[in-house]
Amino acid sequence: MKIAKIIVDVPSMQTDKPFSYVVPEALETLVAIGMRVHVPFGRGNRLMQGFIVGFESQELVENQGNRLQDLKVIAEVLDFEPVLNAEQLALADKMRETVFAYKISILKAMLPNLLNSSYDKVLTALDPQVASDYFENADEIHFSSLDEVMQATMMKLQREGKVSVRYVAQSKETIKTKKVVSLTNHAQLLALTISARAKKKLAMQTFLQHEPEGKVWDNTELVALFSRDVVKFFIGNGVLTLSDVEVSRSQDYFENIETDTQKTLNAEQKAAYEAIITSQDKPFLLEGVTGSGKTEVYLQVIAHVIDAGKTAIMLVPEISLTPMMTSRFIARFGENVAIMHSGLSDGEKYDEWRKIAAGKAKVVVGARSAIFVPLANIGAIIIDEEHETSYKQDSNPRYHARDIALLRAQYHGAALVLGSATPSLETRARAQQGVYQLLRLTQRANQAAQIPEVRLLDMRKHLNDKSASFSQVMLDKIAEKVSKKEQVVLMLNRRGYSSFIMCRDCGFVPECPNCDISLTLHMDTKTLNCHYCGHTQGIPYTCPNCQSNKIRYYGSGTQKVEEELQELMPEARILRMDVDTTKKKGAHERILSSFGAGQADILLGTQMIAKGLDFPNVTLVGVINADTALNLPDFRASERTFQLLTQVAGRAGRAEKSGEVLIQTFNPDHYAIKLAQTHDYEQFYQTEMAFRRKLAYPPYYFTVQLVISHKNEEITVKKSYEILSLLQAHLTDKARVLGPIAKPIARTHNLYHYQLLIKYRFEDHLADALNDVLDLTQLRENKELRVMIDSEPQNFM
DNA sequence: AGCACGCCGACT
DNA sequence: GTCGGCGTGCTC
C-alpha cells in the first residue's frame, strides 16, 4: 500500500500539516510528489484539493498513532505531471521560516489561479414533493447557483432528509483548442466521384488536389472558403481528418513587433555586463541614473544566458509592465519570451504558465508573482526598479520577490541583478557592506540627452495665485511648451490626498460608514466612493448634517485638476491617466500611444506616469504636489518621495531637446526634495541612513509589524496590550516594540486596527514569540480577533 | 473552513 | 419529555 502525504486546502493553524492518504492501487506507479489531488476531508468527507508533498511508509504512519484502516483514499489525481517541482516545494519550506503564512497558501501562490480547484455542493431531491417544488425538471442543483434564501431552505431540507448533498471539487483549468483539418488521404480524394451538380464539392475537390498530403488548415478557414457541409463531406469520406489542436491564448503579442538587435554598450555598461556574466554567486546592485541604459545591460545578460543554454527571469513592477516595455524583450528574444502579469485573464496566465512548465520559454518577463515560475536551469534573475514596494505582496503570503529571487538564484547558481536609479536603503546598505556587488552607471546612454534642470517652486509663496493647484510659473511654462508644440507631463501625487466634499456651513465631510475615512469624489460616475472597502453612495445635494445646500468640492484629484487646467487653458489637449481611466484592459496602452503620437499636449496622471515613459517630445515635467507622500506616517516617507521625484524628473529630455522639471512643494527645504532636485542619490543615502540609525529603523534594524483588528475598539486595545506582553516575555531588552497605536486609518471594513511594530537586530526567540501570538488567536474567545503578522512591512497605512 | 457532537432553554 | 440553539474540537 502506498501512502501519500498531502497538504489540504484548508488555511488554518490546525490543518497546516500533511495528512496521510492511501493511493489507489491502480495509480501507485503514476502518482508523484507535486501533483494535485482531490481528497475527502473531515467528517463530511467533503472533497478538497491537496498537494502531494511526499510519501510515507506504513510503519511511519502507524508510529504517528494512525491506524492504517482509518486512512482515507485519494479520490482523484488531477495531474499527469507534477505542477510543483522539487525546487518549488523546497522553496515553500524555506518561505515558511520567514513568511508567516500557511503552507497551502504558499503553494497556491506559486501556481496560476486556474490550477486551484473550486468547490461546490450538488443537491439531489430524495422526496418527490421537494423535487417538484424546488427542482422543477432538474435532477441536480448546484448549491452555489442558489440565492441565500434558497440555500437556507436547502440546508433545512437536507437536515430533514429530503435532499442529499454531494461535495464536488473541480479543477478549473481548460485548454483552449481550435479545430483543424488535415489532408490525410490524397488517394481517396482522387477516387471520389462527385455529382456534376455539386459545384461546391467539385470546387473543393479541385482545390484539394493541388495541395500536398499532410497539409493542415484551420477548420474555420476552409469553412469560409467553401461551406460547413462541404468540408464535412470530405471529412466523412476520410479525405480530411478533423482534430483539436491546442492554441495559446496569448500569441497575439508576438505580432507586429520588429526584431531588434543588440546595441553597443558604453564603457560603464560593458563593465557591468562583464561583471554579471562572470558572476561569482554574489548578487549585484546595478545602480544607474535614469536613462543610463540599464535595460540594454539586462537584455545582453539575458542573451548571454540563453546562449549558454539557460533561462532567465526578468521582474518589473506591475505598472511598468506595459506592452511598450514587454515588446523590447519580444523584439530581442522573440518567441522565447513568456509574459506574466495581472492584466492577463486566468486562462491566459495558465497558458503562459504551461508554456514555461513545458520548457518552451527561455525568458519570463513578469511582475512579482512571476518569481515563482517553473523555469528550469535559471541562469539569471533580474529585478528592475528593485526599490518598488509592489515587490512585497500585501496580502497572505506576504513574501518579498527579492527574497524569493535570492533563494532561487542560490538554488540554480544564477546571477541575481537588482537594478535601480534609486535603490532601497536596505539594498544599498548591503552593497556597502559587500553583501552585494555594486555596479554603477553614471552616464546617460544617449549622449545628446542632458540630465534635466530641476526647479523647485515654493508653493507657500503662491498661495494667492488664482489657481488652487498651479503656481503662475508652472502655468506660464506649460503654456509656453504647448505653444511650441512640445509635450508636457504633469504628475499629481495623489496618495493619501483625494478629492472629497465638505459643507461650507458646518464643515461636515461625508465618511464611509465602515471605515474612518472620508469618501472620495468621482465625478465621472457622480458618486462618493470609499477607496478602502469599495462602499459607494450618491452625492448629497444638501448637507446631511445641517441641511445647508452649500456642499462644495475640495482637494485635487486628477479629475479636478484636469478640469481646472482645461479651464485655464481651453486650447490645450489634455490626457488623463490614473487608476480610473486605465481600469479597462488595454486602456493604459491606448492612452500612452495616443500621447506618443502627439494627439495630446499634456499628459496628466498619478504615479504610474513616473515609470519608464520615454517620449522624445516631452520637454517639461511638472510635479503638482511633491509633498503628499512626505507627510505620511511612515518611516519610508522621505525615501518614497525622493525615489518618486527622481524618477519623474527622469522623464524629461530623453532625446535631443533639453528638458525641464518643475516641482511644486510646500517643503522646498526638505532634504528629500532638495536632493531630488540635484539628482544626488549618494547624499540622500547618507542623510537618510543617519536618520534610520538614530531612530533604529531598517536597514539598521529588522522590523515585524502586527496589526490587531476587532469590531470593538476597547477589545482591540485590550488584546493589543495582551499581545504586547506576550511578545515582551520572549524578546530581549535589545528589541524595541512600538505601540500599540491606532493605525493611521483606524477603522476599515467595520474593524478597528491597532498596530505593534517590533524592531530588532538579533532575537533568537522571535519566532517563538510570534507563534505564541498565533496560538492566542486560536483561542475561542478570540474568534473575532484578527492578527496580521508582516515581516519587513513596506506600508504603514 | 465546515461539520458533528453535546450540553442548555422554549416548546409539544 | 423533545427540538434545536450554537459553543468546542477535529479533520489522515
Side-chain angles (χ1 to χ4, degrees), chain A residues 1-25 27-28 31 33-78 100-109 113 116-123 142-144 146 148 151-170 395-397 709-711 715 774-788:
Chain A
M1 187 160 54
K2 195 165 189 172
I3 296 162
K5 295 203 295 183
I6 291 168
I7 301 281
V8 294
D9 187 12
V10 181
S12 82
M13 186 111 270
Q14 298 95 318
T15 52
D16 192 28
K17 56 172 187 189
F19 286 80
S20 302
Y21 281 87
V22 174
V23 178
E25 222 173 307
L27 295 169
E28 275 183 11
V31 290
I33 291 174
M35 285 181 178
R36 299 169 304 146
V37 291
H38 283 158
V39 290
F41 191 71
R43 292 178 219 262
N45 280 330
R46 69 208 155 97
L47 284 178
M48 291 266 99
Q49 189 186 57
F51 293 96
I52 300 179
V53 293
F55 294 102
E56 245 176 330
S57 71
Q58 304 183 17
E59 298 75 50
L60 213 69
V61 175
E62 283 172 324
N63 287 343
Q64 288 163 359
N66 293 310
R67 298 190 321 179
L68 284 176
Q69 58 267 39
D70 292 340
L71 295 188
K72 293 179 184 175
V73 181
I74 292 173
E76 188 183 0
V77 177
L78 299 176
F100 276 81
Y102 304 120
K103 186 77 167 272
I104 187 68
S105 322
I106 296 174
L107 294 178
K108 283 171 90 170
N113 236 333
N116 295 319
S117 300
S118 59
Y119 305 111
D120 203 355
K121 306 179 191 66
V122 172
L123 309 166
H142 283 259
F143 188 74
S144 61
L146 303 171
E148 265 174 56
Q151 289 190 348
T153 315
M154 286 300 160
M155 285 162 84
K156 225 172 267 166
L157 289 169
Q158 191 261 334
R159 244 178 247 175
E160 291 163 12
K162 291 176 180 165
V163 160
S164 82
V165 179
R166 193 175 86 242
Y167 290 95
V168 290
Q170 197 159 25
S395 60
N396 275 325
S709 310
H710 194 277
K711 64 179 185 211
I715 295 178
L774 285 179
D775 286 344
L776 182 87
T777 63
Q778 292 298 309
L779 297 175
R780 34 239 147 259
E781 54 170 300
N782 294 330
K783 262 231 156 106
E784 305 234 276
L785 191 72
R786 259 187 25 196
V787 178
M788 178 207 91

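In what follows, chains are A, B, ... by sequence order, proteins preceding strands, each numbered from 1.
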Please enumerate all residues that pass side-chain contact (heavy atoms from CB on, under 4.5 Å) together with A:Ile6, with sequence neighbours excluded.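 A:Ile6: side-chain contact (heavy atoms from CB on, under 4.5 Å) contacts with A:Ala4, A:Val8, A:Tyr21, A:Val37, A:Val39, A:Ile52, A:Ile74.
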List for me each residue that meets side-chain contact (heavy atoms from CB on, under 4.5 Å) alongside A:Pro18, sequence neighbours excluded, and say none if there are none.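 Per chain and number, A:Pro18 pairs via side-chain contact (heavy atoms from CB on, under 4.5 Å) with A:Lys5, A:Ile7, A:Val53.
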Who are the ring-ring contact (aromatic ring centres under 6.0 Å, His included) partners of A:Phe41, not counting sequence neighbours?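 ring-ring contact (aromatic ring centres under 6.0 Å, His included) check on A:Phe41 returns A:Phe19.
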For the atom pair CZ (A:Phe51) and CG (A:Asn116), what is the distance rounded to the nearest 0.5 Å?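 So the gap between those two atoms works out to 5.5 Å.
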Determine yes or no for a side-chain-to-main-chain donor-acceptor pair under 3.5 angstrom, with A:Tyr102 supplying the side chain and A:Val10 the backbone.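 No; judged by distance alone, with no hydrogens or angles, the pair does not exist.
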At the 4.0 Å heavy-atom cut-off to chain A, mark where contacts on DNA chain B begin and end, going 5' to 3'.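 Extent of the interface on DNA chain B: B:dA1 to B:dA4.
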Protein-nucleotides 10-12 of chain C N/O pairs under 3.5 Å:
unit_1, atom_1, unit_2, atom_2, d
C:dT11, O3', A:Gly42, N, 3.4
C:dC12, OP1, A:Tyr21, OH, 3.3
C:dC12, OP2, A:Lys72, NZ, 2.3
C:dC12, O3', A:Ser20, O, 2.8
C:dC12, O3', A:Lys72, N, 2.6
C:dC12, O2, A:Ser20, N, 2.5
C:dC12, O2, A:Ser20, OG, 3.4

Can you pull out every salt bridge (Lys or Arg N to Asp or Glu O under 4.0 Å) where at least one residue sits in residues 6-23 of chain A? Sequence neighbours excluded, please.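 Residue pairs with at least one partner in residues 6-23 of chain A: A:Asp9-A:Lys108, A:Asp16-A:Arg96.
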Looking at A:Ile104 and A:Pro11, what are the two nearest heavy atoms and their distance?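 Closest approach of A:Ile104 to A:Pro11: CG2-CA, 4.0 Å.
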